[in-house]
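Here is the naming used below: chain letters follow the sequence lines, and residue numbers restart at 1 for every chain.
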Number of protein chains: 2
Amino acid sequence: MALSFWIKNRSVLLYSASLAALLFLIKWLEWRFIIVDYSFELYAGATAFIFTLLGVWLALKIAKPKTLVVEKHVLVKTNDFVFDAAALTRLGLSKREMEVLQLMADGLSNQDIAEKLFVSLNTIKTHSSKVFEKLEVQRRTQAVDKAKKLNLIP
Amino acid sequence: MALSFWIKNRSVLLYSASLAALLFLIKWLEWRFIIVDYSFELYAGATAFIFTLLGVWLALKIAKPKTLVVEKHVLVKTNDFVFDAAALTRLGLSKREMEVLQLMADGLSNQDIAEKLFVSLNTIKTHSSKVFEKLEVQRRTQAVDKAKKLNLIP
DNA sequence: ATCAAAATCACCCTAAAGTATGAGCTTAAT
DNA sequence: ATTAAGCTCATACTTTAGGGTGATTTTGAT
């Protein structure tokens with residue numbers, strides 16, 4: 001508790017202590033008659049100087065650091081394909097249809113796709129027909145081309 | 001010249017002027033015998049307080065703002081297709097074959113390509129067959145996929 | 001529990017794609 | 001001039017793709 005208070009207000013406490021110490025110092029010197037002959041202006045100047053420094057130090061410690069935000073534009077190659085979910089929703093392609101579409105884009109024949117997905121060739125034909133309908137194309141090459149342009153597949 | 005010097009060092013000049021002004025003020029008050037009875041501690045305290053404030057103000061004015069560099073990632077439509085001439089040479093695709101390949105990639109049927117290039121369907125079949133041979137694939141979708149991966153076409 | 005969409009499969013038929021072979025013509029290099 | 005490569009086209013054939021229709025089963029949401 002006391003420690004955290006010290007840490008949080010260290011600057012203020014040190015400043016107060018410095019102020020007290022300086023006054024004590026001046027008093028002590030006055031009492032000693034050592035520099036009593038010094039001009040008032042010197043006292044004032046020295047005090048002003050010292051406390052200016054203290055003020056500067058205090059300000060630097062306390063003040064929220066001024067942050068100047070500099071935006072550095074970094075060009076990021078968008079190799080990374082960003083899937084257009086909105087387009088998918090709009091076109092209403094089902095999960096299975098997307099699978100078939102992706103495999104078509106990979107150059108697989110309907111027979112290949114059927115084997116890969118463990119379904120019959122006829123099933124793939126049905127799926128691909130629906131894909132063509134929804135993409136409003138007639139051939140698989142058109143479907144792949146359009147799907148890529150629509151960011152449905154990489 | 002003088003103006004820019006003023007702008008650059010305004011803070012310091014104002015500080016110096018303030019210091020001088022305060023000393024003059026104190027001297028003037030002393031001369032007037034108005035507050036000559038006030039204690040030395042009061043002078044010191046007031047001076048300390050005022051110049052602390054000045055120091056704080058000075059510091060806040062002078063302090064270099066901490067520059068925080070924020071990397072802003074800008075997605076760039078990377079039309080960074082760099083045609084791989086070496087691959088083309090290696091595979092030995094002719095100009096006409098590249099044309100056909102490109103049109104295949106655009107989703108055109110053999111008949112479409114034939115009409116576009118003002119040649120017969122059979123000619124396109126011959127060309128596409130040679131393309132498949134050279135790309136070592138069996139179907140046009142595979143050819144397109146491979147050609148894209150090889151940076152032969154965008 | 002019910003209903004709609006999705007997924008599965010079949011059959012038939014047509015269109016398109018792909019394979020194989022041969023051949024005429026043009027062009028660029030040797 | 002000869003040659004090789006490229007472009008063109010044809011015929012015949014096989015394979016794959018695509019369209020249309022209908023049906024059953026799964027699944028997800030209300």
Side-chain angles (χ1 to χ4, degrees), chain A residues 83-150 152-153, chain B residues 83-150 152-153:
Chain A
F83 171 69
D84 188 348
L88 178 63
T89 306
R90 178 164 47 80
L91 296 170
L93 283 162
S94 75
K95 201 185 299 180
R96 203 55 155 174
E97 285 158 3
M98 281 297 292
E99 269 187 290
V100 172
L101 177 58
Q102 176 60 67
L103 293 173
M104 280 203 297
D106 292 339
L108 276 66
S109 69
N110 286 340
Q111 186 60 57
D112 293 338
I113 299 173
E115 285 167 13
K116 187 149 196 165
L117 299 183
F118 302 107
V119 294
S120 81
L121 173 60
N122 284 314
T123 300
I124 299 303
K125 283 189 175 184
T126 304
H127 285 317
S128 58
S129 282
K130 283 199 165 288
V131 168
F132 300 155
E133 255 181 56
K134 292 176 179 177
L135 286 181
E136 297 175 286
V137 296
Q138 284 74 45
R139 280 175 293 284
R140 62 211 289 105
T141 44
Q142 290 178 337
V144 169
D145 187 52
K146 190 158 187 178
K148 287 188 183 233
K149 283 174 178 165
L150 290 175
L152 289 175
I153 54 176
Chain B
F83 173 68
D84 190 346
L88 178 63
T89 306
R90 178 164 46 79
L91 297 170
L93 282 163
S94 76
K95 201 185 302 180
R96 202 57 157 171
E97 284 158 3
M98 280 298 291
E99 268 186 290
V100 173
L101 177 58
Q102 177 60 68
L103 293 174
M104 279 203 293
D106 292 338
L108 275 67
S109 68
N110 285 341
Q111 186 61 55
D112 293 338
I113 299 174
E115 285 167 12
K116 186 150 198 165
L117 298 183
F118 303 105
V119 294
S120 81
L121 173 60
N122 285 314
T123 301
I124 299 305
K125 284 189 176 186
T126 304
H127 286 316
S128 58
S129 282
K130 282 201 166 287
V131 169
F132 301 154
E133 256 181 57
K134 292 177 179 176
L135 287 180
E136 297 175 288
V137 297
Q138 284 73 46
R139 278 173 293 284
R140 63 209 290 102
T141 44
Q142 290 178 336
V144 169
D145 186 53
K146 190 159 187 176
K148 288 191 182 233
K149 283 174 179 165
L150 291 175
L152 288 175
I153 54 176

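Atom pair A:K130:NZ and D:dG22:P shows a separation of 14 Å (rounding to whole Å applied). Atoms CZ (A:R140) and P (C:dA15) sit 19 Å apart, rounded to a whole Å. Straight-line distance from the CD atom of B:Q138 to the C1' atom of D:dT16: 13 Å, rounded to whole Å. Taking atom NZ on A:K95 and atom P on C:dA5, their separation rounds to 17 Å, with Å as the unit. Summarising the geometry, the separation between CD on A:Q142 and P on D:dG19 is reported as 10 Å, rounded to the nearest angstrom. In this structure, the CD atom of A:E136 is 17 Å from the P atom of D:dG18, given to the nearest Å. Between the CD atom of A:E133 and the C1' atom of D:dT21 there is a distance of 13 Å, rounded to whole Å. In this structure, the CD atom of A:E99 is 13 Å from the C1' atom of C:dA6, given to the nearest Å.
Note on B:S129: a base of the nucleic acid sits closer than 4.0 angstrom, heavy atoms only.
For the pair A:R96/A:T123, no side-chain contact is recorded, criterion being any heavy-atom separation below 4.5 Å from C-beta on. For the pair A:E97/A:V100, no side-chain contact is recorded, criterion being any heavy-atom separation below 4.5 Å from C-beta on. Side-chain contact check for B:M98 versus B:Q102: every heavy-atom pair is 4.5 Å or farther apart. Counting only heavy atoms from C-beta outward, the side chains of B:D145 and B:V137 never approach each other to under 4.5 Å.
With respect to A:K130 and A:E133, no salt bridge is recorded, no charged nitrogen being found less than 4.0 Å from a carboxylate O. A salt bridge links B:R139 with A:D112: the closest approach of a Lys/Arg side-chain nitrogen to an acidic carboxylate oxygen falls below 4.0 angstrom.
Residue B:S94 is the one, among B:S94 and A:T141, whose nearest nucleotide of DNA chain D lies closer to the 5' end (criterion: closest heavy atom).
At the phosphate of C:dA17, neither OP1 nor OP2 sits under 4.0 Å from any side-chain N or O atom of B:R139. Note on B:R96: every side-chain N or O is 4.0 Å or more away from OP1 and OP2 of D:dG6.
Taken residue by residue, residues 103-128 of chain B places heavy atoms nearer than 4.0 Å to DNA chain D at B:V119, B:S120, B:N122, B:T123, B:T126, B:H127.
A distance-only check finds no donor-acceptor pair linking the side chain of B:K125 to the backbone of B:N110 [under 3.5 Å]. A donor-acceptor distance shorter than 3.5 angstrom exists from the side chain of B:Q142 to the backbone of B:Q138, with no hydrogens or angles considered.
The nucleotide whose nearest atom lies closest to any side-chain atom of A:F132 is, among C:dT19, D:dG18, C:dA6, D:dG18.
Two end axes, each from the C1' atoms of five base pairs, can be drawn for the helix from C:dA1-D:dT30 to C:dT30-D:dA1; they diverge by 60°, to 10 degrees.
For the atom pair CZ (B:R140) and CZ (A:R140), the distance works out to 11.0 Å, reported to the nearest 0.5 Å.
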